[in-house]
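Before any comments, here is the structure.
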Amino acid sequence: MSREEINNQINELVLAMAKDPQNVENYHKLSELYLQIEDYDRVMSVLESLLTIKPDDVQALVGMGTMWFYEKDFRKSLSYYNRALEVNPKNFLIYYNMGNVFAEWKNFPKALFYYNRAIDLNSTNPEIYNAIALLYQDNEDYIESKAYYEKALSLDPENLTALIDMGNVCFKLFDYETALELYKKVFVLNPDNKIVAICIGNTLTLMREREKAYNYFEKALQMEGDNYKAYICYAIALSEFGEYDMAVEMYKRATGINPKEIDAQTLLANLYTNFNFLDLAIDLYRECLRLKPNSAETYMLLGNAHYLKGEIEEAISSYRSSINISPENDEYRLVYTQVLDEYIDRRA
């Protein structure tokens, strides 16, 4: 449906609602049309008007909960879902959405409870199993996560979300062959998926399939969308296969696309450090800190470069800055203590 057709339907519904303001169905239709054109403020306005007429309208309550969820006001979202649950405690979608709220809050037990309640009411919906799988994945329980993705795929073998995420889980489990198989299934279903092309390239890199990996990175670069991540992953692959000059070029291209992001510059600085081009590395780390001055990791890397250059006092200063930003990091504190003790012993 074209935008003009949607606008015409909206105008017709507004007129109909003026004539019959108690017709609940018109409110639902109007909110769905506003949702199609992504006018979320009007979606909420229509749903609020409907709830003044019919406070126990479950669809409107769930809709309002979802709108507030997307606004990241999870407390308001949950309040609407709870109201909907009071009206209809047998609606699986309410429990599923409540699970999403608690997943956003990183409350694993409650999220799992509500997802399982949703399964009790609708055991054939693959998206619930996807959500549980992602919950376990976020908690780095990849074995359990994989089992739930497999369940989702048994219900919907072409579920792109499950295929991609299960591929990511297999990648984490070092099962590169299965990850590759899953990513390629997605690529067959969706050959314009830039992220999946990059994932295939990354996997082939670790499987030491150099030319095949390069081929997928080249495909990704030809697709629509931001090439920042594609250049970075391509650069990492080039480094893995010893083509360092090309890797440097790819990192520089990534930086040219998004000069305010530090990932490419940090990785390039790491490469310079590995080859003992320490002045170049230090300059890049300092540029990264200019862009993101609260990066504890960058201060630690800068400290390492100073240490390798024999600039111990500068290294200690950088390590101290890292600890000030991230005082709970035991690894950073250990490095700082060891270098400081070494410096004191030398001065003694």
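Remember, predicted model here, so these are calculated numbers, not experimental data.
D175 and Y142 share no side-chain donor-acceptor pair at under 3.5 Å. Q338 and Y343 share no side-chain donor-acceptor pair at under 3.5 Å. Using modelled atom types and a 3.5 Å distance limit, the side chains of H306 and E311 yield a donor-acceptor pair. Of the N and O atoms on the side chains of N227 and K194, at least one donor lies less than 3.5 Å from an acceptor on the other residue. Checking T205 against Y214 by side-chain atom types alone, no donor-acceptor pair falls below 3.5 Å.
Look at E297 and K292 and you find no salt bridge, because none of the NZ, NE, NH1 or NH2 atoms lies under 4.0 Å from a carboxylate O. Remark: E32 does not engage K29 in a salt bridge, criterion side-chain N to carboxylate O under 4.0 Å. R83 and D56 are not joined by a salt bridge, as no carboxylate oxygen comes within less than 4.0 angstrom of a charged side-chain nitrogen. Contact check on E240 versus R208 returns a salt bridge, with a Lys/Arg side-chain nitrogen under 4.0 Å from an Asp/Glu carboxylate oxygen.
Note that CD of E181 and SG of C170 are 9.0 Å apart. Values are rounded to the nearest 0.5 Å. In this structure, CD1 in I262 is found 11.0 Å from CG in L284, a value given to the nearest 0.5 Å. Distance check, rounded to the nearest 0.5 Å: CG of N88 to CG of L61 gives 11.0 Å. The structure places CG of D141 at 13.0 Å from NZ of K146, a figure rounded to the nearest 0.5 Å. Annotation: the span from I164 atom CD1 to L189 atom CG amounts to 10.0 Å, rounded to 0.5 Å. With rounding to the nearest 0.5 Å, the separation of CD in Q59 from CG in L51 is 11.0 Å.
Both V14 and M44 belong to a single network of hydrophobic side chains, linked directly or stepwise wherever heavy atoms of I, L, V, M, F, W or Y lie under 4.5 Å apart.
In terms of modelled atom types and a separation under 3.5 Å, the side chain of N11 and the main chain of N7 share a donor-acceptor contact. With hydrogens and angles ignored, the 3.5 Å screen pairs no side-chain donor or acceptor of E104 with any backbone N or O of V101. Side chain of S77 to main chain of D73: no donor-acceptor pair is present (N/O by atom type, distance under 3.5 Å, no hydrogens or angles). Under the 3.5 Å distance criterion, the side-chain polar atoms of N139 are matched with a main-chain donor or acceptor of L135. Side-chain atoms of S79 come within 3.5 Å of backbone atoms of K76 as a donor-acceptor pair (strictly under, hydrogens ignored).
Contact of the N97 side chain with the T66 side chain is registered, since non-hydrogen atoms from C-beta on lie closer than 4.5 Å. The shortest side-chain heavy-atom distance between I119 and N116 falls under the 4.5 Å cut-off. Looking only at side-chain heavy atoms (C-beta outward), Y95 and L85 come within less than 4.5 Å of each other. Within the 4.5 Å cutoff, the side chain of L278 has heavy atoms near those of the N276 side chain. A 4.5 Å side-chain heavy-atom check between L268 and L280 finds every atom pair outside the cut-off. Between V62 and Y81, some side-chain heavy-atom pair lies under the 4.5 Å cut-off. When side chains are defined from C-beta on, I198 does not count as touching Y216, because their heavy atoms never get closer than 4.5 Å. Put simply, the side chain of T161 does not reach to within 4.5 Å of the side chain of L134, judged on heavy atoms.
By the neighbour-count criterion of 12 heavy atoms within 6.0 Å, atom OH of Y228 is densely surrounded, having more than that number from other residues, nucleotides or ligands. Within a 6.0 Å sphere centred on NZ of K219, other residues, nucleotides and ligands contribute more than 12 heavy atoms. Counting non-hydrogen atoms of neighbouring residues, nucleotides and ligands closer than 6.0 angstrom, the CD atom of E331 reaches no more than 12 such neighbours. The number of heavy atoms from other shown groups lying within 6.0 Å of CD (Q36) is above 12. Counting non-hydrogen atoms of other residues, nucleotides and ligands closer than 6.0 Å to CZ of R117 gives a total above 12. Heavy atoms from other residues, nucleotides or ligands lying under 6.0 Å from CG of D341 number more than 12. Within 6.0 Å of CD in E4 there are 12 or fewer heavy atoms belonging to other residues, nucleotides or ligands.
Between A305 and I282, the closest heavy-atom pair is CB-CG1, 3.7 Å. Across L155 and S123, no two heavy atoms sit closer than the pair CD1-O, 4.0 Å. For the pair K106 and D138, the tightest heavy-atom approach, listed with the atom from each and the gap, is NZ-OD2, 4.4 Å. The shortest heavy-atom contact between S145 and Q137 is OG-CB, 3.5 Å. Heavy atoms only, all atoms of each residue included: A133 and Y148 are closest at CB-CB, 3.6 Å. Contact detail for A220 and A230: the closest heavy-atom pair is CB-CB, 4.4 Å.
Under the 6.0 Å cut-off for aromatic ring centres, Y114 and F102 qualify, their centroids lying closer than that. With ring centers used as reference points, Y299 lies 6.0 Å or more from Y319. Not less than 6.0 angstrom separates the ring centroid of Y40 from the ring centroid of Y70. Taking the ring centroids of Y129 and Y149, they lie at or beyond the 6.0 Å cut-off. Within the 6.0 Å centre-distance limit, the rings of F217 and Y234 are counted as a close aromatic pair.
Between Y96 and Y115, the ring-plane angle classifies as tilted under the 30° and 60° cut-offs.
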S45 vs Y34, side chain to side chain donor-acceptor pair (under 3.5 Å): CA-CA, chis, key distance, verdict:
CA-CA 10 Å; S45 176; Y34 281 133; over 6 Å; no
Evaluate the side chain to side chain donor-acceptor pair (under 3.5 Å) criterion for residues N159 and E127: first the C-alpha distance (whole Å), next the side-chain angles of each, then the deciding distance (0.1 Å), finally the verdict.
CA-CA 9 Å; N159 188 295; E127 294 310 318; 2.9 Å; yes
Would you sort out whether D20 and N26 count as a side chain to side chain donor-acceptor pair (under 3.5 Å), showing the intermediate values?
CA-CA 9 Å; D20 184 9; N26 285 338; 5.4 Å; no
Would K309 and D279 count as a salt bridge (charged side-chain N to carboxylate O under 4.0 Å, His left out) here? Give the steps.
CA-CA 9 Å; K309 197 180 175 187; D279 288 333; 2.4 Å; yes
Between N324 and S322, is a side chain to side chain donor-acceptor pair (under 3.5 Å) present by the stated rule, with each step listed?
CA-CA 5 Å; N324 288 338; S322 180; over 6 Å; no
Pair E209, Y176 - check side chain to side chain contact (heavy atoms under 4.5 Å, CB included), show working.
CA-CA 12 Å; E209 296 278 2; Y176 300 128; over 6 Å; no
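Each of T298, N270, T266, N304 was evaluated against Y285; a single residue qualifies, N270, per the side-chain hydrogen bond (donor to acceptor under 3.5 Å, both in side chains) test. Each of V46, I10, D39 was evaluated against L33; a single residue qualifies, I10, per the side-chain contact (heavy atoms from CB on, under 4.5 Å) test. Screening I236, N258, T255, I257 for a side-chain contact (heavy atoms from CB on, under 4.5 Å) involving Y231 leaves a single residue, I257.
Figure legend: cation-pi geometry between K184 and F187 absent, as NZ or CZ is not positioned both under 6.0 Å from the six-membered ring centre and within 45° of its axis.
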